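Take a look at the structure set out below.
When reading the values below, keep in mind they use all heavy atoms of this one structure, side chains included, and skip hydrogens, waters and symmetry mates. Reminder, nothing fancy here: chain letters follow the sequence lines and each chain counts from 1. Remember, it's a predicted structure, so these values are computed and weren't measured experimentally.
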Amino acid sequence: MANIASQRIKREFKEVIRSEEVARCSIKVELLDDNYSQLKGEIAGPPDTPYEGGKFLLEIKVPETYPFNPPKVKFLTKVWHPNISSVTGAICLDILKDQWAAAMTLRTVLLSLQALMASPEPDDPQDAVVARQYKGFPEIFISTAEHWTNIYAGGSRKKEEYSKKIERLMGIGCNMDQALVALSGCNWDLDKAIEQIFG
Amino acid sequence: MDSDLACSSSFTNVNSGSMSKQEESRRSCWVCFATDDDDNTDPCWVQPCNCRGTTKWVHQSCLQRWVDEKQKGNAMTKVSCPQCNTEYLIVFPHMGQIVMFLDTIDTIILKMCPFLAAGVLAGAVYWTAITYGAITIMQVVGHEEGLTVMGQAHTLVLIIGLPAIPVMLIFGKMVRWEETALLLIRKYTPKIPILKYILPSFIYQEESENQNYYGVPSLVDTICATRVFCSALLLPTIATFIGRFLYESVPSKVQRTLLGGITYILIKGILRIYHKQQKYVQKCHRKILDYTPENMRHQHPSASTTYFLSGTVTPPPSPSSTLSSNSSTSASSSSLAADSSVSSRIVASASL
């Protein structure tokens, strides 16, 4: 890796470790290899959102041309959010694309992602299904996002009704992820979800 | 995005709040994050924008690299600070008179070339038009006479008049008099008894309006540009030939060509009106068949029947096929003839 990139990540790493957000357990960064090109991030679900109480893991890849090009970030933890793909974890955020500036750091990127979780942008979606639900059925969106946070990120809020429906689908031969994605996408309509999986 | 704005502003607040005066005096580059203490060598620092705090200072070389990244190869693109949006003041050193002169020349040439190319193209078209005009004049009035006429004319007349010849021909070609004539014939044929007798197939329009309420096919077909161009430019040549063959007795060559041209346009117009009307009748008459095995088997014979009915005298392809299709032909033709009195009249016109 180019000297400038690893030098900078080294310095940024120190900055994150020292930052008050780490002290509050709001963000966390871990090194995965010695040359600072692969990192693992972790952000806490922002308070007063469906993601509250969850821990969300992120994969951070630092390119050779860093900081002139943005780091490649995606969610490893599954999230139900209009700007994050519920399947791949890919993120739609302008600062990770053309609005990147060299003055941004790992810390600001993680804080921006936290802010994105708190205020979704359904008009510029990454996951069209989620965005449609967010706009059309806000209550269902909130309870679905809470349920996902409960299952994948360790949140405390969940709906018994949803759990039962997932069990029903698992009873007829689906795996959990498949059942959850289908039910969430169909606004928890069991018949539609069955049709989507088996039809 | 709102979230980013909120985030980055909170970030700067946090920094400026926590930063002591001592830290502020220590410079740190917002690209490589190196500080004064880190640097072994003596790098060049700049403060290129309105930013304060951590993003105030940057290394000259780091910023150069960032500018390169933003410009993506085009060295004249303007670059602004991603935080405060101040446009960077990028200056180039003075390289002496010669470089400046060459730069100016370069810019001028770059700007001139499109106009120059357009001018050359227009000039080429203009000279082709002049040549065409001159050739046409010599063709119409004769080689020697043509040269004499053009020699006597004023230069200005030649410069404007000669290229006007092909232009006028093309514009003349775009006047679609046949369509107007066809509409007039259609309008007056049912009212004038003699015309009714001569041109029975032109009565069709009114009857068809009574028959189907879904509207008749439109008359207007699209203008084909290349066709208009070719036929307009070939008109003088064709007129000269027809004039030479049909009007040998006429002494003046100009009159001969004019007569030839008028004859050609008239004959072509009449044929065209006839063809158009027949196509129109044919289109009014088309039918979509049920997809039954019987219809599939008889598709070809019945097709030939409709052609026969619409008046195009096409001989049947071979005696054997006519024989085999004869029974079905008579059946379908009788049914067609029964439901439209027009088709029988068309057969009559064809036999006339």
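Other residues, nucleotides and ligands contribute only 12 or fewer heavy atoms inside 6.0 Å of the NZ atom of Lys158(A). Atom CG of Leu89(B) has 12 or fewer heavy atoms from other residues, nucleotides or ligands within 6.0 Å. No more than 12 heavy atoms of other residues, nucleotides or ligands lie within 6.0 Å of CD in Glu195(A), so this atom counts as exposed by the packing criterion. Heavy-atom contacts from other residues, nucleotides or ligands closer than 6.0 Å to NZ of Lys28(A) number 12 or fewer.
To the nearest 0.5 Å, atom CZ of residue Phe68(A) and atom SG of residue Cys32(B) are 8.0 Å apart. With rounding to the nearest 0.5 angstrom, the CD1 atom of Ile4(A) is 11.0 Å from the CZ atom of Phe33(B).
Closest non-hydrogen pair, Val31(B) versus Pro67(A), comes out as O-CG, 3.1 Å. Between Asp98(A) and Lys70(B), the closest heavy-atom pair is O-NZ, 3.9 Å.
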